Undergrad: 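Okay, here's the structure, questions in a sec.
Just so you know, ligand 1 is whichever comes first in the structure, and atom 1 is the first atom listed for that ligand. For reference, positions follow the sequence shown, starting with 1. Computation of the quantities below employed the complete heavy-atom set of this structure, encompassing side-chain atoms and omitting hydrogens, waters and symmetry-equivalent molecules. Every value quoted in this text rests on a predicted model; they were computed, and no experiment measured them.
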Amino acid sequence: MRRKWVGGNWKMHGSRAMATALVGAIVEASVEGVDVVLCPPAPYLREVCAECAGSSISVGGQDLSEHESGAYTGEISAAMLRDVGCTHALAGHSERRQFHGETDAQVAAKVAQALAHGLTPVLCVGETLAEREAGRTADVVSRQLGAVVAHCGIAAFARIVVAYEPVWAIGTGRTASPAQAQEVHAFLRSQLARDDARIAGSIRIVYGGSVKPGNSAELFAEADIDGGLIGGAALQATDFLSICAAAG
Ligand code: 13P
């Protein structure tokens, strides 16, 4: 049995006061039986890490640089995330791919940086609506996954979480049905199984895209959905905790 995993990706929302209150409520709830990772905006990472210290809650960056260090203004390195207490980093979120032009090669380099610095990369993949309607979902997600397998090697996937986030379901209120999500999750697992059946069997593949308290249990009940990466609903402690409870 794979232990379920729930991440909260706050994106560019909130304030320092909001972050502290939200994390306080989540830590206080002492969620059990599920791995919980919070990804606040970068300026709040240090404080959120301090608040989560000694609890079961982990903290991750929403992005990281593909470079080790150097003259890359505005970027945050894997070593810096580690240095402030993070254990995870999202890589290749669709908003980074869409609005910042991140390529598969850059995403693979980010995953490699995270791994090199002992962070668990959360590799995000997912198709746009146009790609889904053109019947290209499998092609797109296998290309995105394959780029990381080619760059980092299949063995690295023992330390990676994959998040399937269909772009058309993110922040739209339009969730993939459990069956639609399950189909892609099973496909991703089968792609990994071609290289290593053991790793494919143990890797967590989580779903993201309009997950709410009202739909989380049915999504998490699917055989290959090992939890969720939550955006909007992660900004309310009660909603996020109810989603964690559905996974626990
Ligand atoms: P929403 O839950 O707001 O749709 O966002 C999902 C997401 O992008 C998480 O990374």
Undergrad: Quick one: name the residues clustered hydrophobically with L90, using the 4.5 Å side-chain heavy-atom rule over I, L, V, M, F, W, Y, and just say none if it's on its own.
TA: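 Traced through the cluster, L90 reaches W5, V37, V122, V161, V206, L229.
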
Undergrad: At a 4.0 Å threshold, what atoms of ligand 1 neighbour a non-hydrogen atom of I170?
TA: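 Going through ligand 1 atom by atom, the ones under 4.0 Å from I170 are 4 (O), 5 (O), 6 (C), 8 (O).
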
Undergrad: For atom 2 (O) of ligand 1, grab the closest protein heavy atom and report residue, atom and distance to one decimal in Å.
TA: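 Here the nearest protein heavy atom works out to G231 N, 2.9 Å.
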
Undergrad: Give a yes or no on whether R143 atom CZ has more than 12 heavy-atom contacts from other residues, nucleotides or ligands under 6.0 Å away.
TA: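 Counting neighbours around CZ of R143, more than 12 heavy atoms of other residues, nucleotides or ligands fall under 6.0 Å, so yes.
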
Undergrad: Could you check whether atom CD of Q180 has more than 12 heavy atoms from other residues, nucleotides or ligands sitting under 6.0 Å from it?
TA: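 Counting neighbours around CD of Q180, more than 12 heavy atoms of other residues, nucleotides or ligands fall under 6.0 Å, so yes.
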
Undergrad: Output yes when D104 and R97 qualify as a salt bridge under the 4.0 Å nitrogen-oxygen rule, no when they do not.
TA: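 Between R97 and D104 there is a salt bridge, with a charged N closer than 4.0 Å to a carboxylate O.
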
Undergrad: Closer than 4.0 Å to some heavy atom of G209 - which atoms of ligand 1 meet that?
TA: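 Listed by number with element, the hits are 4 (O), 6 (C).
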
Undergrad: Checking a contact table here: which protein heavy atom is nearest atom 5 (O) of ligand 1, and how many Å away?
TA: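 Of the protein heavy atoms, K11 NZ, 3.1 Å lies nearest.
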
Undergrad: Quick one: does ligand 1 sit under 4.0 Å from the side chain of A169, the backbone, both or neither, non-hydrogen atoms only?
TA: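 It is the backbone that gets close, since no side chain atom is under 4.0 Å.
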
Undergrad: Looking at Q236, I want to see if its CD is surrounded by more than 12 non-hydrogen atoms of other residues, nucleotides or ligands under 6.0 Å.
TA: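 Atom CD in Q236 is not packed in, count stays at 12 or less.
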
Undergrad: Which of the numbered atoms in ligand 1 are below 4.0 angstrom from a heavy atom of E165?
TA: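 Listed by number with element, the hits are 6 (C), 7 (C), 8 (O), 9 (C), 10 (O).
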
Undergrad: Test your reading of the structure: does T172 have an N or O sitting under 3.5 Å from an N or O of ligand 1?
TA: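 No; the residue has no nitrogen or oxygen that sits under 3.5 Å from a nitrogen or oxygen of the ligand.
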
Undergrad: Using the rule side chain to side chain contact (heavy atoms under 4.5 Å, CB included), only one of I170, D63, V107 pairs with H93; which is it?
TA: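 When side chain to side chain contact (heavy atoms under 4.5 Å, CB included) is applied between H93 and each of I170, D63, V107, only I170 qualifies.
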
Undergrad: What protein heavy atom is closest to atom 3 (O) of ligand 1, reported as residue, atom name and distance in Å?
TA: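 For this ligand atom, the closest protein heavy atom is G232 N, 2.8 Å.
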
Undergrad: Look at atom 1 (P) of ligand 1 and find which of A233, G7, S210, A234 reaches it with the closest heavy atom.
TA: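 Considering heavy atoms of A233, G7, S210, A234, the nearest to atom 1 (P) of ligand 1 sits in S210.
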
Undergrad: In this structure, are over 12 heavy atoms from other groups packed under 6.0 Å from R96 atom CZ?
TA: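 Counting other residues, nucleotides and ligands, CZ of R96 exceeds 12 neighbours.
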
Undergrad: What part of N9, side chain, backbone, both or neither, has a heavy atom within less than 4.0 angstrom of ligand 1?
TA: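 Answer for N9: side chain.
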
Undergrad: Is the shortest distance from a heavy atom of G171 to ligand 1 less than 4.0 Å?
TA: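 It does; at least one heavy atom falls under 4.0 Å.
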
Undergrad: In the hydrophobic cluster built from side-chain contacts under 4.5 Å, what are the other members alongside L129?
TA: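 Under the 4.5 Å side-chain rule, L129 groups with W168.
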
